[in-house]
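Some notes on the structure that comes next.
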There are 2 protein chains.
Amino acid sequence: MEMEQNKIPQATAKRLPLYYRFINNLHTQGKSRVSSKELSEAVKVDSATIRRDFSYFGALGKKGYGYNVEYLLSFFRQTLDQDETTEVALIGVGNLGTAFLHYNFTKNNNTKIQIAFDTQSEKIGSVIGNVPIEHIDQLEAKMSNISVAILTVPSSAAQGIADRLVAAGISGILNFTPARITVPEHVRVHHIDLAVELQALVYFLKHYPLEEE
Amino acid sequence: MEMEQNKIPQATAKRLPLYYRFINNLHTQGKSRVSSKELSEAVKVDSATIRRDFSYFGALGKKGYGYNVEYLLSFFRQTLDQDETTEVALIGVGNLGTAFLHYNFTKNNNTKIQIAFDTQSEKIGSVIGNVPIEHIDQLEAKMSNISVAILTVPSSAAQGIADRLVAAGISGILNFTPARITVPEHVRVHHIDLAVELQALVYFLKHYPLEEE
DNA sequence: CAATAGTCGTTACGTTTTTCACAATCTCGC
DNA sequence: GCGAGATTGTGAAAAACGTAACGACTATTG
């Protein structure tokens, strides 16, 4: 594992996948060149921030010209390890879980949902979006060499499943339940809380009015 | 609209809904008192940060004692305008949209999905999670007094729908499509990009190793 | 009532992140 | 090959954010 890029700010790291997708779009559209200003309008990130972000990886552009899309794309593919796919498990095949299974991550991404788990027997054995669904009892048995899990179970089950994932050797959990799960230090958890996101938006609307007109 | 709390940092504002929910939980559990340390363990936010966040609203706690759950709850209810429900529209009743419709926001929140729209005729007229589903053609007609929309349509349709929402007088959009939509300055958009979240987690796992052991 | 332990509110400081602004450099048309 | 215009990369400043530390105050116990 190269540690040279250890110095990349977290805020920058979070934007990288976004950049990657839009550069990919540009490439598909046949564009061969792009400026930080254009990219800024597309991804809604300040152009200075984009230039700064890119600069952590060295001089990727040319002054007076901008960035070569092809070069940028191949660079990001390498940086984001697009060549090597990360296998992901999904726990909880409800509506939200199903949405993920239909989401074609592999197309533009380095991730692939390899297997899904649920408790409901009528779902077991079926395949959604090319992903087979197994009974949750099989979790420990079938999680070898899977290091990332998406948690879309009811919140009451979240901590219990998280404990089992940890025991099975998970490295990262994307937690969509409202519960804040507790895990050992070596496991990284990202929380995405849909109700909180909605409420936060409402709060901002009421208390941080934007420019009128 | 009170503007006194204009000075609350955005980072704090984003945490308020989270605090609210956990305080609500404590109240339901019959706890009458809580310290910033306890709350910290529950919501996974540093206790000093919690005290700081609360302090923007004045002295809510008592030294040597902690915070009174009931008081905190009534305070947050007021601050987050929990008494007055915000009506929300949902556009796009796919898997993700359906997940939202089943999510009982109203229970713990000040938001209620009032109406949903889709293009597929077999869904029109049905009701999911108490929310009626209308044809997208009805959008302009039935959006009066709705100021917030959840956008869960295919990304190719995102900008077009966004334009119509803006024309219909929307104030805020929670955008779950990978597309970054363009709107006038007075409309607030929060982007939640599931693929980006997953990729970001993977990137962090590879490049920012956590403490081993 | 004194002593002890607990907890807040806030100050001070360090870190991270964003933004400004411009010299350096490149492109492109003529 | 020159000059006008475009765009990068970055130094420096500002803004935003997080956290350690501690004085002030409270509750509780003996």
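Here the structure is a predicted model, which means the values were calculated and not measured. Chain identifiers are assigned alphabetically (A, B, ...) following the order of the sequence lines, protein sequences preceding nucleic acid strands; residue numbering begins at 1 within each chain.
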Inset, instruction - Could you walk me through whether B/His190 and A/Phe204 pass the ring-ring contact (aromatic ring centres under 6.0 Å, His included) test, one step at a time? - result: CA-CA 10 Å; B/His190 284 200; A/Phe204 276 106; 5.7 Å; yes
Inset, instruction - Report the C-alpha separation of A/Asn95 and B/Thr98 in whole Å, then their side-chain angles, then the decisive distance to 0.1 Å, and conclude whether the side-chain hydrogen bond (donor to acceptor under 3.5 Å, both in side chains) test is met. - result: CA-CA 6 Å; A/Asn95 286 300; B/Thr98 306; 4.8 Å; no
Inset, instruction - Go through the steps to decide whether A/Leu151 and A/Leu165 satisfy the test side-chain contact (heavy atoms from CB on, under 4.5 Å), and finish with yes or no. - result: CA-CA 10 Å; A/Leu151 201 55; A/Leu165 288 168; 4.3 Å; yes
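Listed here is the closest heavy atom pair of A/Thr111 and A/Val88: CB-CG2, 4.2 Å. Considering every non-hydrogen atom in both B/Arg21 and A/Ala195, the closest pair reads NH1-CB, 3.9 Å. A/Arg164 approaches A/Ile136 most closely through the heavy-atom pair NH2-O, 3.0 Å. Nearest heavy atom pair, residue A/Ala13 against residue B/Tyr203, reads CB-CE2, 3.6 Å.
Residue pairs satisfying the salt bridge (charged side-chain N to carboxylate O under 4.0 Å, His left out) criterion with at least one member in residues 30-48 of chain B, sequence neighbours excluded, are listed as follows: B/Lys31-B/Glu38.
Of the two residues near DNA chain C, A/Thr12 and B/Ala59, the one whose nearest nucleotide lies more 5' is B/Ala59.
When the side-chain nitrogen and oxygen atoms of B/Ser36 are compared with OP1 and OP2 of C/dC8, one or more of them lie within a distance under 4.0 Å. Considering only side-chain N and O atoms, B/Tyr67 lies under 4.0 angstrom from the phosphate OP1 or OP2 of C/dG9.
In this structure, OH of A/Tyr56 is placed 11 Å from P of D/dT10, rounded to the nearest angstrom. Rounded to an integer number of Å, the gap from A/Leu39 CG to D/dT7 P is 13 Å. We find that OH of B/Tyr71 is positioned 15 Å from P of C/dC8, with the value rounded to whole Å. The nearest whole Å value for the distance from the CZ atom in A/Phe54 to the C1' atom in D/dG9 is 13 Å. For B/Lys62 and D/dT28, the NZ to C1' distance is 14 Å, given to the nearest whole Å. Atom CG in B/Asp53 sits roughly 13 Å away from atom C1' in C/dG9 (whole-Å rounding). C/dT7 atom P lies 15 Å from atom CG of B/Leu72, rounded to whole Å. One can place NZ of B/Lys63 at 18 Å from C1' of C/dT4, the figure rounded to the nearest angstrom.
Of the residues in residues 45-52 of chain A, those with a non-hydrogen atom less than 4.0 angstrom from any atom of DNA chain D are A/Arg51, A/Arg52.
Using the six-membered ring where Trp is involved, B/Phe57 and B/Phe75 have ring planes that are perpendicular, over 60° apart on the 30 and 60° scheme.
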Listing time: all N or O pairs from protein to nucleotides 28-30 of chain C that are below 3.5 Å?
residue	atom	partner	partner atom	Å
C/dC28	OP1	A/Arg33	NH1	3.2

